[in-house]
Enquirer: 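My structure is below; once you've seen it, I'll send some questions.
The sequence lines fix the lettering, A, B, ..., with proteins before strands; numbering per chain opens at 1. These values consider heavy atoms only, across backbone and side chains, with no hydrogens, waters or symmetry-generated copies.
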Protein chains: 2
Amino acid sequence: MPRLPVAERRELLLEAALRVVAAQGIQGATTRAIVAEAGVSLASFHYAFASRDELIAELVNSVIASEELALTRLELRGGSMRDTLREGLMHYFDVLRENPMREKAMFELTQYAMRSPELEPLAKMQYERYYALAEQALDVAAASTGLRWSKPAAELATVLVVLTDGLTIGWLVNRDDAAAHAIIDFAADSLSALAEAA
Amino acid sequence: MPRLPVAERRELLLEAALRVVAAQGIQGATTRAIVAEAGVSLASFHYAFASRDELIAELVNSVIASEELALTRLELRGGSMRDTLREGLMHYFDVLRENPMREKAMFELTQYAMRSPELEPLAKMQYERYYALAEQALDVAAASTGLRWSKPAAELATVLVVLTDGLTIGWLVNRDDAAAHAIIDFAADSLSALAEAA
DNA sequence: GTCTATAACCGGATAGAC
DNA sequence: GTCTATCCGGTTATAGAC
């Protein structure tokens, strides 16, 4: 095995750990499974991390930090608010369909974090990030359509997160694309009804 | 320990198992933790259940069967569709606040089931039950207000489940009652907009 | 820094007396 | 039907050579 600086070894193990969680769940993310996925010896693991718990904490952290990507780069084609929201939600749905297991891993990591007094603040932080992201998306949509929101964007952001969370869970269970599209239409219709002339 | 018929012992263990899952998560629901909670010996466990997996499967099943209770007994005070929906959702929210850990246990059981090829159909079945329950609630609301839905009730039922799922997860993370109320208002407004004169 | 080997422990499941 | 005692596989973590 190549000699790596600790920081790189940690990074390598974190990426492997996320793949294992996605494929087998938190339950299956044993140190052995992770080192096998990373192609690293068990002892090297414990050279890089003091314990499995430390790796999981780091994993939650890193996953939060990288969550932005899904929604930020999105080119809006303009049009009505309804169409703009629909387009954004469809984009989210595409991301979900592309990598369902990663999204499932997110949920599992959040729930796991909520069970640990030490990690629980990270779960809250993850949702703060979601809300901020959603609010930003709503701001962009308002700017793009030339409309403004009739309620505080922060409040609508929590609604948007509720909708995407519910959509995600339901789709992960049923894999019903048609039902997902119906949800997206409902979300776009309902939210766009809360936009008004600037 | 008292001699119990197997059926009662199974019931006892299932109730204990749900308490353990609620308190410590699926991870902590080891056979030993369950028998300790139930005040039963380890061997008695394996007399009642062939394996831990069998108990978990039974638990998912029994939890599905008992899920109806939360929503069915609900007296509607009449009034507008918006108020009727608001009332129903507030009732759900009260149930959630009364026993948050039980609801969290539900999510964890579903996610756990989704990881197991054998239990995965149960996860789907759980959601079918939710949808049926939601549809029934919407029918009752329509009858109570004398209105009818402008879209198929089955489609709106999936929307309602999305909203309650998202509401539940968000509240479990943040415990923000005000945000929950805002969600409930949004849900009641948006759904009631889809009711029309019969 | 990395390795093999092993300690120390915990989990599900079983044996066999009562 | 219930119990105590035990087996056995898998898990985290560590020791010590290289």
Side-chain angles (χ1 to χ4, degrees), chain A residues 1-60 108-109 112-113 115-119, chain B residues 1-60 105 108-109 111-113 115-119:
Chain A
M1 281 298 119
R3 277 177 178 249
L4 289 181
V6 182
E8 287 181 33
R9 176 112 308 173
R10 284 170 70 102
E11 193 53 41
L12 194 75
L13 284 165
L14 283 171
E15 286 164 12
L18 183 56
R19 287 197 298 275
V20 172
V21 172
Q24 313 190 28
I26 281 264
Q27 322 250 355
T30 64
T31 53
R32 286 178 146 85
I34 294 167
V35 299
E37 172 73 26
V40 158
S41 81
L42 185 56
S44 289
F45 176 96
H46 282 290
Y47 184 83
F49 290 97
S51 69
R52 178 181 174 274
D53 279 357
E54 185 187 316
L55 174 130
I56 297 289
E58 263 302 297
L59 183 59
V60 173
E108 291 187 9
L109 284 170
Y112 179 86
R115 289 284 181 194
S116 148
E118 176 200 350
L119 265 45
Chain B
M1 277 300 119
R3 280 181 174 244
L4 290 181
V6 182
E8 288 180 31
R9 176 112 308 172
R10 284 171 70 101
E11 194 53 40
L12 193 75
L13 284 165
L14 283 171
E15 287 164 12
L18 183 56
R19 287 196 299 275
V20 173
V21 172
Q24 313 190 30
I26 281 267
Q27 323 250 352
T30 64
T31 52
R32 287 178 151 84
I34 293 167
V35 298
E37 172 72 26
V40 158
S41 81
L42 184 55
S44 289
F45 176 96
H46 282 291
Y47 184 82
F49 290 98
S51 68
R52 177 180 175 277
D53 279 357
E54 187 187 316
L55 174 131
I56 297 289
E58 263 301 298
L59 183 59
V60 173
E108 290 186 11
L109 283 170
Q111 288 205 331
Y112 179 85
R115 289 284 182 193
S116 149
E118 175 200 349
L119 265 43

Enquirer: Can you measure from CG (Leu119(B)) to CD1 (Ile56(B)) and round to the nearest 0.5 angstrom?
Expert: 8.5 Å
Enquirer: Hey, does the side chain of Ser41(B) come within less than 4.0 Å of dC3(D)'s phosphate (OP1/OP2), counting only N and O?
Expert: yes
Enquirer: End-to-end bend of the helix from dG1(C)-dC18(D) to dC18(C)-dG1(D) (five-pair axes, 10° rounding)?
Expert: 10°
Enquirer: Of the options dT2(C), dA15(C), dT2(D), whose atoms approach the side-chain atoms of Arg3(B) most closely?
Expert: dT2(D)
Enquirer: Can you list every salt bridge (Lys or Arg N to Asp or Glu O under 4.0 Å) pair that touches residues 46-58 of chain A, not counting sequence neighbours?
Expert: Arg10(A)-Glu54(A)
Enquirer: Tell me: CD1 of Ile56(A) to P of dA13(D), nearest whole Å?
Expert: 11 Å
Enquirer: Could you give the CD-to-P distance, from Gln24(B) to dG11(C), as a whole number of Å?
Expert: 10 Å
Enquirer: Starting at the 5' end of DNA chain D, which residue's closest nucleotide do you reach first, Pro5(B) or Leu42(B)?
Expert: Pro5(B)
Enquirer: Can you tell me the distance, in whole Å, between the CD atom of Glu8(A) and the P atom of dT2(C)?
Expert: 10 Å
Enquirer: By a strict heavy-atom criterion of less than 4.0 Å, which residues belonging to residues 44-52 of chain A are in contact with DNA chain D?
Expert: His46(A), Ser51(A), Arg52(A)
Enquirer: Considering all heavy atoms of both residues, which atom of Ala48(B) and which atom of Val6(B) are nearest to each other, and what is their separation?
Expert: CA-CG1, 4.2 Å
Enquirer: Looking at every heavy atom in both Leu12(B) and Ala38(B), which two are closest together, and how far apart are they?
Expert: CD2-O, 4.1 Å
Enquirer: Dump every N/O contact between nucleotides 7-9 of chain D and the protein below 3.5 Å, one line per pair.
Expert:
none

Enquirer: Going by the rule ring pair (Phe, Tyr, Trp, His ring centres under 6.0 Å), which residues pair with Phe45(B) if we only count those two or more places apart in sequence or in a different chain?
Expert: Phe49(B)
Enquirer: List the atom pairs, with distances to 0.1 Å, where a side-chain N or O of residues 13-37 of chain B and a protein N or O form a donor-acceptor pair under 3.5 Å, not counting sequence neighbours.
Expert:
{"from": "Arg19(B)", "atom 1": "NE", "to": "Glu37(B)", "atom 2": "OE2", "distance (Å)": "2.6"}
{"from": "Arg19(B)", "atom 1": "NH2", "to": "Glu37(B)", "atom 2": "OE2", "distance (Å)": "3.3"}
{"from": "Thr30(B)", "atom 1": "OG1", "to": "Ala33(B)", "atom 2": "N", "distance (Å)": "3.0"}

Enquirer: If you only use heavy atoms from C-beta on, which nucleotide in dG12(C), dG1(D), dC3(C) is closest to the side chain of Thr31(B)?
Expert: dG12(C)
Enquirer: Nearest 0.5 Å, what's the CD-CZ distance between Glu8(B) and Arg3(B)?
Expert: 14.0 Å
Enquirer: Please tell me which of the listed nucleotides, dG11(C), dT2(D), dT2(C), lies nearest to the side chain of Thr30(B)?
Expert: dG11(C)
Enquirer: Hey, could you give me the OG/NE2 distance between Ser51(B) and His46(B), rounded to the nearest 0.5 Å?
Expert: 8.0 Å
Enquirer: Rounded to the nearest Å, what distance is computed from the CD atom of residue Glu54(B) to the P atom of nucleotide dG12(C)?
Expert: 15 Å
